[in-house]
**Q** 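Before I ask anything, here is the structure I am working with.
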Amino acid sequence: MKALAKRLSRLDESHAAHRNKQGLTPAEVLRQRLCRREAEETGRPYEELLRESIAESKAFFESYTGDRSIAGILRSRFERRATTTLEN
């Protein structure tokens with residue numbers, strides 16, 4: 001039992017979202033970089049783009065029913081964008 005608990009603890013640590021010195025996860029850092037780049041390219045305010053990105057992400061996960069694996073999330077995003085593009 002002790003070995004099993006130790007293994008589960010190691011798995012939790014290895015799969016937990018690691019944070020940088022500012023307390024941000026890699027996903028949050030990437031989101032900020034993408035929003036900064038888009039703000040520079042489009043001239044829109046960075047804060048507005050960041051809020052939209054966060055709201056879009058929250059809306060996605062509220063309606064997401066998949067297995068929450070990386071492949072499942074990417075597949076769902078791709079399918080959702082493909083149907084949105086076809087509708088417009």
Side-chain angles (χ1 to χ4, degrees):
M1 193 66 172
K2 193 174 187 179
L4 182 61
K6 193 179 279 189
R7 177 67 180 144
L8 286 173
S9 175
R10 274 192 242 136
L11 282 172
D12 283 341
E13 290 172 11
S14 67
H15 291 290
H18 299 286
R19 297 188 177 270
N20 65 9
K21 292 176 185 175
Q22 290 82 25
L24 300 171
T25 65
E28 293 167 336
V29 171
L30 180 59
R31 175 183 288 127
Q32 289 181 356
R33 286 181 184 170
L34 291 171
C35 289
R36 278 194 188 95
R37 188 174 300 145
E38 187 177 345
E40 290 174 4
E41 293 171 358
T42 62
R44 291 179 60 198
Y46 161 75
E47 292 81 10
E48 178 184 325
L49 292 169
L50 185 60
R51 277 193 306 271
E52 288 176 5
S53 176
I54 292 169
E56 180 184 318
S57 180
K58 285 181 181 177
F60 170 78
F61 280 107
E62 285 174 359
S63 65
Y64 181 69
T65 58
D67 61 0
R68 297 212 180 241
S69 68
I70 293 172
I73 291 169
L74 292 174
R75 186 179 309 112
S76 177
R77 285 269 185 168
F78 178 76
E79 290 170 357
R80 179 173 288 181
R81 286 194 176 140
T83 58
T84 304
T85 305
L86 292 175
E87 291 173 358
N88 295 332

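Computation of the quantities below employed the complete heavy-atom set of this structure, encompassing side-chain atoms and omitting hydrogens, waters and symmetry-equivalent molecules.
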**Q** Hey, is CZ on R75 packed in by over 12 heavy atoms from elsewhere, all under 6.0 Å?
**A**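 No.
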
**Q** Of the non-hydrogen atoms in Y64 and I73, which two are nearest, and what is the gap between them?
**A**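 It is OH-N, 3.4 Å.
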
**Q** To the nearest 0.5 Å, what is the distance between CG (L50) and CD (E47)?
**A**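 Spacing of CG (L50) from CD (E47) equals 8.0 Å.
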
**Q** Drop me the distance from E56's CD to L49's CG, to the nearest 0.5 angstrom.
**A**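 Output value for this atom pair is 11.0 Å.
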
**Q** Measure the shortest side-chain to side-chain distance between R37 and L34 over non-hydrogen atoms and say whether it is less than 4.5 angstrom.
**A**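 Side-chain contact under 4.5 Å: yes.
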
**Q** Show the nearest heavy-atom pair for residues A39 and P45, with the distance to one decimal.
**A**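 Heavy atoms of A39 and P45 come nearest at CB-C, 4.4 Å.
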
**Q** So how far is it from S53 OG to E38 CD, rounded to the nearest 0.5 Å?
**A**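 CD of E38 is found 8.5 Å from OG of S53.
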
**Q** R44 and E52: side-chain contact (heavy atoms from CB on, under 4.5 Å), yes or no, with the steps?
**A** CA-CA 12 Å; R44 291 179 60 198; E52 288 176 5; 2.6 Å; yes

